[in-house]
Amino acid sequence: MGKMKKKLLLSILLSGLYMCSLAQQQKNPKPIEKLFDTADKMVDFISRGSWTIIPAVTYSPETSLGIGGRGIKVFKPKNTPDTITRPSTLPLTFLYTLNRQAILTGELNLWRKDNQGFLNSRLALSDYPFKFSGIGQNVTVNQEEHYATKYVYFHLHYEQRIARGLYLGPRYEFRTDHIYEKEPGGLLDEGNIPGSQGQRLSGIGGVLNYDTRNNIFQPTGGSFHSLSYMAFHSFIGSNFDFGQTIFDFRKYQALWGKHVLVGQAWLSFTNGRAPFQHVSLIGGSDVMRGYFEGRYRDRHAMVYQTEYRLPIYRNLGLVLFGSAGQVAPALSDFGWGRFRFGGGMGIRYKLNKEGLNFRLDFAFGDQSAFYFGLNEVI
């Protein structure tokens with residue numbers, strides 16, 4: 001996307017949002033009210049009881065155009081009708097993309113009564129043609145090569161509350177990849193990259209979370225700090241032996257009205273012989289929007305992200321975001337001059353009273369991209 005297209009896209013988006021904000025000040029806002037009433041009726045139509053189902057037409061640099069469906073069930077167990085217990089969720093997704101990717105995922109986020117414990121489980125089945133650009137901070141788009149893998153991924157972890165806002169528990173992960181297509185003569189075809197012949201990972205570890213968010217979908221205050229460590233080893237069925245530590249620190253600060261500032265520091269450290277699919281990487285819809293997922297990958301990575309969230313009109317909101325990140329083979333290689341930067345803006349539309357959002361983001365980094373999803377990134 002050229003500079004003129006970027007400017008035109010931003011101008012159209014900003015103009016539309018500005019007109020929405022002006023409508024709040026008009027004495028006779030009937031036209032805009034009718035528009036938002038229609039949008040709310042559409043949300044009510046796709047929400048059946050505790051389920052919200054959205055036909056998905058998506059696009060991201062990693063998938064190209066995708067068509068499918070996304071549904072999420074928001075509920076509380078029958079024995080937790082109180083307002084203290086956080087809502088549990090069951091999201092389901094199926095997508096088929098123009099990159100010939102088929103993706104089926106299901107996840108369970110279950111909160112016990114009074115938030116005494118939390119269970120999270122995720123299963124993903126995928127046939128996933130993708131791109132690999134090599135290892136390191138200085139790879140280029142010209143180096144990327146195509147490959148295709150069929151994989152199964154599963155994780156399960158449980159956290160028990162041990163103090164106010166503090167949760168601790170075990171975690172298990174499993175993933176198997178069958179790489180059935182590579183570019184002849186490419187880096188993966190040479191067989192020197194760990195994981196280029198496929199992988200089978202099985203690992204156990206633990207998670208320590210400090211969570212004081214006042215809402216799990218739309219926090220306006222509190223913190224979410226997480227420390228996780230996973231050890232993958234042959235004695236539990238893995239054909240790669242390595243460890244990975246991830247720090248995820250998030251802070252939510254209400255400013256005025258419903259304006260919220262969010263900051264995140266995300267750091268990943270890998271030791272041992274990890275496959276290329278599981279080293280520390282940046283890019284994608286969650287970590288540095290505007291960069292192709294895994295374009296830059298190495299043993300270690302650090303990313304800093306911030307978002308400014310503001311209301312526009314009724315259930316419509318706007319998000320401005322920025323990020324900075326880098327990867328490195330050793331901790332001593334991190335440096336101020338190595339950071340790569342990204343940013344953009346997004347539209348939000350609240351889907352239910354709990355605060356679940358429809359999300360559409362426009363991002364700019366080493367490429368221009370837009371992303372569709374449910375819920376916030378951080």
Side-chain angles (χ1 to χ4, degrees), residues 13 17 39 43 46-47 52 54 56 58-60 62 70-74 86-93 105 107-109 111 118 120 122 209-226 246-255 257-266 282-291 293 303-325 342-365 369-378:
L13 183 60
L17 294 172
V43 170
I46 64 177
S47 300
T52 297
I54 299 177
T58 71
Y59 180 87
S60 73
E62 293 78 23
R70 283 179 170 163
I72 183 169
K73 179 181 176 68
V74 180
R86 290 174 166 176
S88 299
T89 60
L90 177 62
L92 301 173
T93 301
T105 64
E107 187 169 359
L108 175 64
N109 301 289
W111 287 93
F118 174 68
N120 172 255
R122 185 173 189 268
N209 287 341
Y210 178 69
D211 186 357
T212 61
R213 293 172 295 174
N214 56 6
N215 183 290
I216 60 173
F217 295 123
Q218 287 296 312
T220 58
S223 303
F224 177 81
H225 303 320
S226 177
I246 296 178
F247 296 87
D248 187 352
F249 304 119
R250 308 181 192 186
K251 177 64 178 176
Y252 304 87
Q253 182 63 53
L255 300 178
K258 295 183 179 180
H259 294 234
V260 179
L261 184 65
V262 185
Q264 180 192 34
W266 181 88
I282 61 177
S285 61
D286 295 326
V287 182
M288 288 196 72
R289 285 157 285 183
Y291 287 80
E293 182 179 350
V303 174
Y304 302 95
Q305 301 189 116
T306 185
E307 288 193 353
Y308 175 50
R309 302 170 183 168
L310 62 153
I312 298 298
Y313 189 63
R314 283 175 50 167
N315 290 330
L316 182 67
L318 174 68
V319 171
L320 307 175
F321 57 86
S323 59
M345 62 191 308
I347 298 171
R348 302 293 185 266
Y349 198 91
K350 193 167 106 173
L351 297 176
N352 58 28
K353 63 181 181 180
E354 286 84 6
L356 179 69
N357 268 348
F358 162 84
R359 169 169 55 90
L360 179 62
D361 288 333
F362 302 87
F364 307 100
F370 64 92
Y371 305 88
F372 162 89
L374 294 175
N375 215 357
E376 297 293 350
V377 172
I378 56 177

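- Within 6.0 Å of OH on Tyr308 lie more than 12 heavy atoms contributed by other residues, nucleotides or ligands.
- Between the CZ atom in Arg250 and the OG1 atom in Thr306 there is a gap of 13.0 Å [rounded to 0.5 Å].
- When side chains are defined from C-beta on, Arg309 counts as touching Tyr252, because their heavy atoms get closer than 4.5 Å.
- Looking at Trp266 and Ile246, their side chains come closer than 4.5 Å, going by heavy atoms from C-beta outward.
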**Message:** Between Val262 and Gln264, does the side chain to side chain contact (heavy atoms under 4.5 Å, CB included) criterion hold? Intermediate values first, please.
**Reply:** CA-CA 7 Å; Val262 185; Gln264 180 192 34; 5.8 Å; no
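- The CG atom of Leu92 lies 10.0 Å from the CD atom of Glu107; values are rounded to the nearest 0.5 Å.
- Partners of Gln253 by side-chain contact (heavy atoms from CB on, under 4.5 Å), not counting sequence neighbours, listed by chain and number: Lys251, Leu255.
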**Request:** Kindly determine whether Glu376 and Glu307 satisfy side chain to side chain contact (heavy atoms under 4.5 Å, CB included), including the steps that lead there.
**Result:** CA-CA 10 Å; Glu376 297 293 350; Glu307 288 193 353; 3.9 Å; yes
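- The two residues Asp286 and Gln305 have their closest heavy-atom pair at O-NE2, 3.3 Å.
- The distance from atom CG of Leu108 to atom NZ of Lys73, rounded to the nearest 0.5 Å, is 11.5 Å.
- Lys258 places none of its side-chain heavy atoms less than 4.5 Å from the side chain of Thr220.
- Taking the ring centre of Tyr371 as origin, the terminal cationic atom of Arg289 falls outside the region bounded by 6.0 Å and 45° from the ring axis.
- Judged as a side-chain hydrogen bond (donor to acceptor under 3.5 Å, both in side chains), and not counting sequence neighbours, Glu293 has no contacts.
- Annotation for Met345 and Leu318: closest pair CE-CD1, 3.7 Å, computed over non-hydrogen atoms.
- Using a 4.5 Å cut-off on side-chain heavy atoms (C-beta onward), Pro311 and His259 make contact.
- Side-chain contact between Phe217 and Asn357 is absent, with no heavy atoms from C-beta onward closer than 4.5 Å.
- Atom CG in Asp248 sits 6.0 Å away from atom CZ in Phe224 (nearest 0.5 Å).
- Evaluation of the salt bridge (charged side-chain N to carboxylate O under 4.0 Å, His left out) rule for Arg213 yields Asp211 as partners, not counting sequence neighbours.
- Under the 4.5 Å side-chain criterion, counting only non-hydrogen atoms from C-beta, Trp111 is in contact with Ile216.
- Closest of all the heavy-atom pairs between Phe362 and Phe321 is O-CZ, 3.5 Å.
- Heavy-atom minimum distance, Gly290 versus Ala363: N-CB, 3.6 Å.
- Here the closest non-hydrogen pair linking Val74 and Pro87 is CG1-CB, 3.8 Å.
- Using a 4.5 Å heavy-atom cutoff, the side chains of Asn109 and Phe118 are in contact.
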